[in-house]
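Comments concern the structure below.
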Number of protein chains: 2
Amino acid sequence: MAEDVFKALADPTRRRILDELVERDGQTLFEICTRLVTKHGLGLSRQAISQHLAVLESAGLVHSRRQGRYKFHDLNTEPLERIVTRWLKPDTPEAP
Amino acid sequence: MAEDVFKALADPTRRRILDELVERDGQTLFEICTRLVTKHGLGLSRQAISQHLAVLESAGLVHSRRQGRYKFHDLNTEPLERIVTRWLKPDTPEAP
DNA sequence: TTGATAGGCAAGTAGCGACTTGCCTATAGT
DNA sequence: ACTATAGGCAAGTCGCTACTTGCCTATCAA
């Protein structure tokens, strides 16, 4: 649903997670945690990030694949392209 | 800020308002109210819509011009185009 | 001027959402 | 078998936000 995508994008931490995944796909929960802490100084618990990833996944923005005791997360930009074109009129002038 | 744009888009009622404005620009508060009620069956007070319009306006998604006792609202899609390209890699394959 | 229309301001309420804490499961290494 | 690592589940707290209610201002028509 578009509803889930918009709600997923509403949170700044979740957008940061997408930022990290667009840099490198296939990161685990712990990798994302340490990245958010070191690079952005966010002091969040592991569960907070886990819940954010669940929201992103149910919105279709992130796919995950389990492998042993690791769970790798991949970015999926497909839902992003759909939602915004909703309000872009077909005659909207493109940047020349 | 992108923050304001994402938060503005997070609410389904505000997205409906954008839907109405993309159909016809320059609507007043009362026009938007009656449209939301009749077309979508939303039972919202006038102030609720007014507050939603304020959020959309401070996000830059809606511009308003006062004229006498009327206030006309216009859609502005410019912020929309910026926000999503953030996660679209340059090598993202376009639909052929 | 009076009444009706279009809109604004402010306080209060209720529910959702982000985050934490505590405990539990499963896989890997030794 | 035992320990450490990677992750999950569930309940509880707290703050934000959507919405309402009540009252006030400004413009237009008669």
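Keep in mind that what you see is a predicted model, and the values were worked out from it rather than measured. Numbered from 1 within each chain, the chains take letters A, B, ... in sequence-line order.
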Starting from [atom2] on [N], measure out to [atom1] on [X] and report it in whole angstrom.
X	N	atom1	atom2	value
Leu29(A)	dA26(C)	CG	C1'	15 Å
Leu53(A)	dC19(C)	CG	C1'	15 Å
Gln27(B)	dA6(C)	CD	P	14 Å
Asp4(A)	dG17(C)	CG	C1'	14 Å
Phe6(B)	dG17(C)	CZ	P	18 Å
Tyr70(B)	dT27(D)	OH	C1'	9 Å
Gln51(B)	dG12(C)	CD	P	15 Å
Ile49(B)	dG8(C)	CD1	P	13 Å

With respect to the side chain of [X], which nucleotide from [options] is positioned closest?
X	options	result
His52(B)	dT20(C), dC19(D), dA6(C)	dC19(D)
Thr13(B)	dT21(C), dG7(D), dC19(D)	dC19(D)
Lys7(B)	dA10(D), dT17(D), dA6(D)	dT17(D)
Ser45(A)	dT21(C), dG7(D), dA6(C)	dT21(C)

On the side chain of [X], is there an atom forming a donor-acceptor pair with the base of [N] - under 3.5 Å, no angle test?
X	N	answer
Gln67(B)	dT27(D)	no
Arg46(A)	dG8(D)	yes
Gln47(A)	dG8(D)	yes

Original post:
Tracing side-chain links under 4.5 Å among I, L, V, M, F, W and Y, which residues wind up in one group with Tyr70(A)?
Top reply: Phe72(A)
Subject >> Check: Thr38(B) side chain, Thr34(B) main-chain N or O, donor-acceptor pair, under 3.5 Å >> reply: yes
Original post:
Has the side chain of Glu20(B) got a donor or acceptor atom that lies under 3.5 Å from a matching backbone atom of Leu36(B)?
Top reply: no
**OP:** Ignoring backbone atoms, test whether Lys71(A) places a side-chain nitrogen or oxygen under 4.0 Å from the OP1 or OP2 oxygen of dA6(D).
**Re:** no
Original post:
Looking only at heavy atoms, which two atoms of Cys33(A) and Ile49(A) are closest? And how far apart?
Top reply: SG-CG1, 3.6 Å
Subject >> Taking every non-hydrogen atom, the tightest pair across Ser50(A) and Leu29(A) >> reply: N-CD1, 3.8 Å
Original post:
More 5' along DNA chain C: Leu44(A) or Arg66(A), using each one's nearest nucleotide?
Top reply: Leu44(A)
**OP:** Starting from the 5' end of DNA chain D, give me the residue, Ser50(A) or Arg69(A), whose nearest nucleotide shows up first.
**Re:** Arg69(A)
